[in-house]
Each structure stands twice: as structure tokens, then as C-alpha cells.
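Values below: every heavy atom of this structure, side chains too, minus hydrogens, waters and symmetry copies. This structure is a prediction, so every number in the text was calculated from the model and none was measured.
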Amino acid sequence: MSLGPVILDIAGTSLDPEERELLAHPLVGGVILFTRNYHDIAQLQALVESIRAIRDPHLLVCVDHEGGRVQRFRSGFTRLPAARRFGEIHGRDPARARRLAQAAGWVMASELRAVGVDFSFAPVLDLDYGISEVIGDRAYHRDPEVVAELAGAYVLGMREAGMAATGKHFPGHGAVALDSHRAVPRDERRVEDILLDDVRPFERLLPHLAGIMPAHVIYSQADTAPAGFSGFWLQTILRQRLGFQGIIFSDDLNMEGASVAGNYADRARAALQAGCDVAVICNNRKAAVEILHSMESGHDPVLHARLARLHGVHPISLAGLHRDPHWRRAVDALHALEEDPSLELDL
């Protein structure tokens, strides 16, 4: 069975019968996990194995696990610094900042791969304008070249651990104050300025990204629809001008920023028609069912091939990872960075 164009979530730490039925639906391509789905390492491994057993090839298992405020699994996992920490170090020592960012990407991806998770929606490529509620310290820097440099190092670490990267939130969420989870932000800047500034990290890293997630932000000088529902941003700019060939994921269609597209079925339809390959729906089981019932099933070999690139590779046991001296050195350096960014403990 091929992988389908919907990613949805589950309620708890194990699958219930309704969820098993939902995940067997041919339109489903993956499952996104949250903190509520995690109790401990053994439970998470069992949950991932039960998800993988439903389909062949197995459904993608993904999570938002960037570091800082956005790290779904805590106990038993390395505490990862927020992206801004690497940007702060870059001002004093760019080479050290790159090494630490690469170590963070490798540790994040290695630990998730060791429990069977395929990929994390990372890295954040937004610019740190200092005004965004939801981006904040999730951004590496204000300078797009520094963002590309540090995020590129992070992506290299992910790739070394066998995990594909997904950049977000295209074409850039950092210049608006409102949080698209709770509002519909509008960015009034000229398209030329966004392309010259915010889009640059995406453009620089495009060959190394298997996926991109657009923002639920209206860029009023370009389109009346948010970027995730905009043919201009997804087709004209991302596909045609930049030549991106990977997966375009919608951001969560349950967010307020997606409400302008109508009911949940309309949101999924609008996202896919605009150029998204996958509709992501979280924290709303009724909406997920509505979306699945509204869409026609059918095999899409291009979509399946793109999604298959996101299956994790190089599996390793968690015990084996913890015996790896490279992991120990990387974790010690990241812990020192969390405790005191001025400490010079390095790899």
C-alpha cells in the first residue's frame, strides 16, 4: 500500500481500535507524535512499533523536536538548546557555533532514530526579527546567511544520523508578531524584500531538504491567502523559481491561521490544490475523519516516492548509541551550553 497525503495524530501512549482503523486508511501517510504520546523510552518504542506494523511500507512517524521550547520528548532524551543559542555563539566563534549546531542535529536525530521515529520537522529557517511570539528563540539569527550556515550544520548532523530534514516556515514567519496557532498573521512587506531576505536560507539549503513546511501567514503584497494555500508561494516561487522537488507539508490545518480556507475538508483541499503534497491535521479527531472522508483515494507514485525519502535510515539501538563516545562528547558539549553558554566545552 502506498503512503497517502494525510498526516494525523493519536490521543495517547498506545493505539486504540479506532486509531488502528484510521491509520490503515489508504490516504494516511504518517503519524505525528506529541508529548502526550510519551511516557518513557520503552513505551515509545512499543508505540512506534505498533504504528509501523499497520502498513507496509510503514507509515512515517514524525515529531516536532527542534530543541528549546519545542522538544516533545524530555525524560530519557538529551535536552537540546534553542536555535538562538548557536546564533549567539556565532557572533564570538562561528566555527564553534557550526560544530555545536551539527552536534545538536546529530544528537536529536540519533536519539529519535534509536526509538524508531523517522524524522523531526526541523530545522526552523525563519529569521529572528525579535518580534514574533511563536518563533522567538527558535530562530538561529537575524542574518539569513548565518541562519543558512547554522541550519546547514544542523542538517548535516541530521543526515549523518540517517534523518531527512524539513525546513520551516516558508517563506518566513519571523517578521510578524502574531502566533498563527491563535490568529491569522499578515506580513505587509514587499515580495522583493521577502525574497531577498527571508527566502535566502531556504534557497541555500534547498538541495539538502527533503521537505518544506509553509507558514500560515498572509503575505498581502503577494496573495490574499496564507502561504500554505498560495499557488504563488508554493508553485511559482518554491517549485518553479527555486526548483524544489521534495515534499511540501501543510502546517497544522487545525491552527487558526488556516481558518481562512474554510472548514477542515476545504482547508485540506485548498492546501493540496495550492501545491502542498501532504495535509497535516493535529489535535482534532473529528477534523481528521472529515478530511479523510472528503478526499478520493488513489495511488500517487510521485507522492509515494517523495514520502519514502523521509523514512529514516541507519538504525541503531539506544543502548548502542549511549556506548558511542561521539554521543557522549556531543551530549556533554550541549549540556554545558545549556548550563552556561559562555563555557568553552567543545567537541
Side-chain angles (χ1 to χ4, degrees), residues 64-71 77-113 119-132 134-170 172-175 196-209 212 321 324-347:
D64 287 308
H65 200 84
E66 310 158 6
R69 289 176 291 138
V70 183
Q71 180 172 338
F77 287 81
T78 299
R79 182 181 177 187
L80 300 167
R84 184 185 284 165
R85 289 289 182 91
F86 305 109
E88 292 166 349
I89 293 170
H90 188 277
R92 304 188 301 272
D93 189 340
R96 178 173 179 247
R98 288 192 299 271
R99 290 194 299 272
L100 288 168
Q102 182 174 342
W106 183 81
V107 168
M108 178 278 289
S110 294
E111 293 182 349
L112 290 179
R113 291 294 305 121
F119 71 97
S120 170
F121 285 109
V124 168
L125 299 180
D126 304 303
L127 304 187
D128 186 3
Y129 286 91
I131 63 174
S132 173
V134 69
I135 301 303
D137 64 359
R138 297 167 66 193
Y140 288 96
H141 206 274
R142 168 59 183 86
D143 185 332
E145 292 301 321
V146 176
V147 171
E149 182 181 339
L150 294 176
Y154 190 92
V155 168
L156 178 58
M158 293 174 66
R159 187 170 63 202
E160 290 172 342
M163 180 178 288
T166 296
K168 58 187 185 185
H169 305 82
F170 183 83
H173 199 312
L196 287 171
D197 217 12
D198 300 62
V199 170
R200 278 164 62 194
F202 293 92
E203 187 172 12
R204 285 275 307 276
L205 294 184
L206 217 61
H208 310 293
L209 298 176
I212 283 180
L321 179 64
D324 185 345
H326 176 39
W327 176 83
R328 183 72 268 163
R329 289 192 300 270
V331 168
D332 287 345
L334 295 174
H335 280 169
L337 179 59
E338 276 291 272
E339 292 164 6
D340 184 351
S342 67
L343 292 176
E344 291 301 318
L345 182 61
D346 205 348
L347 301 173

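In this structure, CG on Leu112 lies 8.5 Å from CE on Met158, to the nearest 0.5 angstrom. Rounding to the nearest 0.5 angstrom, the gap separating the CZ atom in Arg85 from the CG atom in Leu150 is 14.5 Å. Annotation: the span from Leu205 atom CG to Arg200 atom CZ amounts to 12.0 Å, rounded to 0.5 Å. Rounded to the nearest 0.5 Å, atoms CG (Leu334) and OG1 (Thr78) are 7.0 Å apart.
Counting all heavy atoms, side chain and backbone alike, Tyr154 lies closest to Pro123 at CD2-CB, 4.0 Å. Residue Ile135 comes nearest to Ser132 through the heavy atom pair N-OG, 3.1 Å, listed as atom of the first residue, atom of the second, then distance. Taking all atoms of both residues into account, the shortest heavy-atom contact from Pro144 to Pro201 is O-CG, 3.6 Å. The two atoms that bring Gln71 and Gly67 nearest to each other are OE1-CA, 4.0 Å, heavy atoms only. Between Ala165 and His208 the shortest heavy-atom distance is CB-O, 4.1 Å. Residues Ala151 and Leu125 come closest through the heavy atom pair CB-CD2, 3.3 Å.
Looking only at side-chain heavy atoms (C-beta outward), Val147 and Val124 stay at 4.5 Å or farther from each other. Counting heavy atoms from C-beta on, the side chains of Arg142 and Tyr129 come closer than 4.5 Å.
Classified by interplanar angle (parallel below 30°, tilted 30° to 60°, perpendicular above 60°), the ring pair Tyr140/Phe86 is tilted. Ring geometry, His65 versus Phe77: the interplanar angle exceeds 60°, so the pair is classed perpendicular (tilted spans 30 to 60°).
Open room surrounds CZ on Arg79; 12 or fewer heavy atoms of other groups in view lie less than 6.0 Å from it.
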Apply side chain to side chain contact (heavy atoms under 4.5 Å, CB included) to residues Leu100 and Leu337 and explain how you reach the verdict. CA-CA 9 Å; Leu100 288 168; Leu337 179 59; 4.3 Å; yes
One pair to check against side chain to side chain contact (heavy atoms under 4.5 Å, CB included): Val70 and Arg138. What are the steps and the verdict? CA-CA 8 Å; Val70 183; Arg138 297 167 66 193; 3.6 Å; yes
Go through Asp198 and Asp126 one step at a time and tell me if the side chain to side chain contact (heavy atoms under 4.5 Å, CB included) criterion holds. CA-CA 7 Å; Asp198 300 62; Asp126 304 303; over 6 Å; no
Going through the distances and angles, do Ile89 and Arg84 end up as a side chain to side chain contact (heavy atoms under 4.5 Å, CB included)? CA-CA 9 Å; Ile89 293 170; Arg84 184 185 284 165; over 6 Å; no
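Side chains of Ser120 and Glu66: no donor on one and acceptor on the other come within 3.5 Å.
Salt bridge status for Arg328 with Asp324: absent, with no side-chain N to carboxylate O gap under 4.0 Å.
Just one residue in the list Arg98, Glu149, His141 forms a side chain to side chain donor-acceptor pair (under 3.5 Å) with His90, and that residue is Glu149. When each of Val146, Asp143, Asp197 is checked for a side chain to side chain contact (heavy atoms under 4.5 Å, CB included) with Leu127, only Asp197 meets the rule.
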